[in-house]
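As structure tokens, the structure follows; a few thoughts come after it.
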Amino acid sequence: MVLDLRRARGELAAAGVAPGAPAGEPSHWRYLPLLPVGDPGGQGTPFRAVGATPLYSVPDLRARLGLLRLWVKDEGRNPTASLKDRASSLVLARAREVGAEVVVTSSTGNAGAALAGMAACLGVPAVILAPRSAPPAKIAQMLVYGARVLLVDGSYDQATELARRASEELGWFCRNTGYNPFSAEGKKTAAFEIWEAWQRGELGEAGGAEMRLSVFVPVGDGNIIAGLDKGFRDLVQAGLLERGPRLFGVQAEGSAAIASAFAAGTETIRAVRARTLADSIAVDLPADGLRALRAASRTGGAYLTVSDAAILQSIAELGRSGLFAEPAAAAAWAGLRRALAQGLVNAGEPVLVLLTGSGLKDVGAAQRATAAAPVIEPSLEALRACLAKSSPQ
Ligand SMILES: *Cc1c(COP(=O)(O)O)cnc(C)c1O
């Protein structure tokens, strides 16, 4: 399906997506003119609440980093608590259009939880193949939403291959990230929201033709960063933007196939054996590697890697500012710190960090990021004794 982006421009204004227009539907469905699906329905359910996530200016984090213009976009506020709702809702809209009876996906956790939750809203049967090592909260979420969940005794990449083969054998509609083109089409709506905030002057400068902004994105398969890049390019094609922001991809040191290629200056992406506590970005061979690589190189961004220790520190640092991030989301923050240290961005530049998933998704990692709470007898003496021993964090 080819979108007529010039025509979309007029339809967007009618949908309330234009400078000065009254606010349209508070979800990513306000961008339907820029999406390759018709109106999917789902009114009155969380399906209709995907996107329109909050943007925070986090004054204390600004002060701590010495950045004058810093924003955080909290994708944990999506209905199933991660950015994956954008992709899964679009894929389901498409699945319905083609009359799919069952939708299947592989997932490290969030894509499956998002598919399960969004499918429950529309009454579509979903099958999820996740590695058995996926965080328990994510698996519980899929089950509660009523999906058929199968835990694969293997890696995420193996689950992905199995989902693809099952879809071919059994005639299921396959959502696999990077394999189904509608996943990036859904994720691009985050770019539209960033652009709209820019237009409205919510990012400090009211809408110049060029978005002079650096966006930090955690990268596993590379589908989010590729989707963002696609979104900004759609806006350019629609004549709504001259140039999009710089895109910075952040990978875990132990799962850095794309970052390694970037550092080596090659477009050949080699598989790694992914090892990181940030399950959402643990990928051996990224499904959208090439597009993800180009998203950074084409926009004047870069790739950075961060250690698991830095990710845990970032969870704690964000938490003290009221933001609860899962490890992959905290990796984006750790990446910004590295970029500052390396001089890739400077203190005067506007920066936006995409916090892709809620900390409630991986309580085990959160516990590792903090000291355990002491247990005391239910007496004032025990409380006093404990307070005397330890100073508050
Ligand atoms: C999926 C996911 C990512 C990485 O997205 P890719 O498209 O695989 O690069 C990052 N953070 C969270 C929370 C995710 O769920």
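Model, not experiment: these values are computed from the prediction. When a ligand or atom number is given, it counts from 1 through the structure's own listing order.
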Would you mind listing which atoms of ligand 1 come within a distance below 4.0 Å of any non-hydrogen atom of [X]?
X	result
G222	6 (P), 7 (O), 8 (O), 9 (O)
K187	7 (O)
G220	4 (C), 6 (P), 8 (O), 9 (O)
V219	9 (O)
N223	6 (P), 7 (O), 9 (O)
G357	13 (C)
K84	1 (C), 2 (C), 3 (C), 5 (O), 14 (C), 15 (O)
T356	10 (C), 11 (N), 12 (C), 13 (C)

In terms of residue, atom name and distance, what is the protein heavy atom nearest to atom 5 (O) of ligand 1? I224 CD1, 3.2 Å
Could you tell me whether some N/O pair between D221 and ligand 1 is separated by less than 3.5 angstrom? yes
Please say whether N110 places an N or O atom under 3.5 Å from an N or O atom belonging to ligand 1.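 Min N/O separation from ligand 1 is below 3.5 Å for N110.
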Does the distance from a Lys or Arg side-chain N to an Asp or Glu carboxylate O, for [X] and [Y], drop under 4.0 Å?
X	Y	answer
E169	R165	no
E193	K73	yes
K187	E75	no
E25	R30	no
R384	E381	no
D234	K188	yes
D157	R273	no

Side-chain H-bond candidate by donor/acceptor type, R77 with T53, under 3.5 Å: no
Do side-chain atoms of N223 reach the backbone of D288 as a donor and acceptor pair under 3.5 angstrom? no
If we set the cut-off at 4.0 Å for heavy atoms, which region of [X] has an atom near ligand 1: side chain, backbone, both, or neither?
X	result
K361	neither
E75	neither
D288	neither

Ligand 1 contact by P218, heavy-atom criterion under 4.0 angstrom: yes
Kindly confirm or rule out a cation-pi arrangement of R212 over W198, judged by NZ or CZ under 6.0 Å from the six-membered ring centre and within 45° of its axis?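 Because its charged atom misses either the 6.0 Å distance or the 45° angle limit, R212 does not stack over W198.
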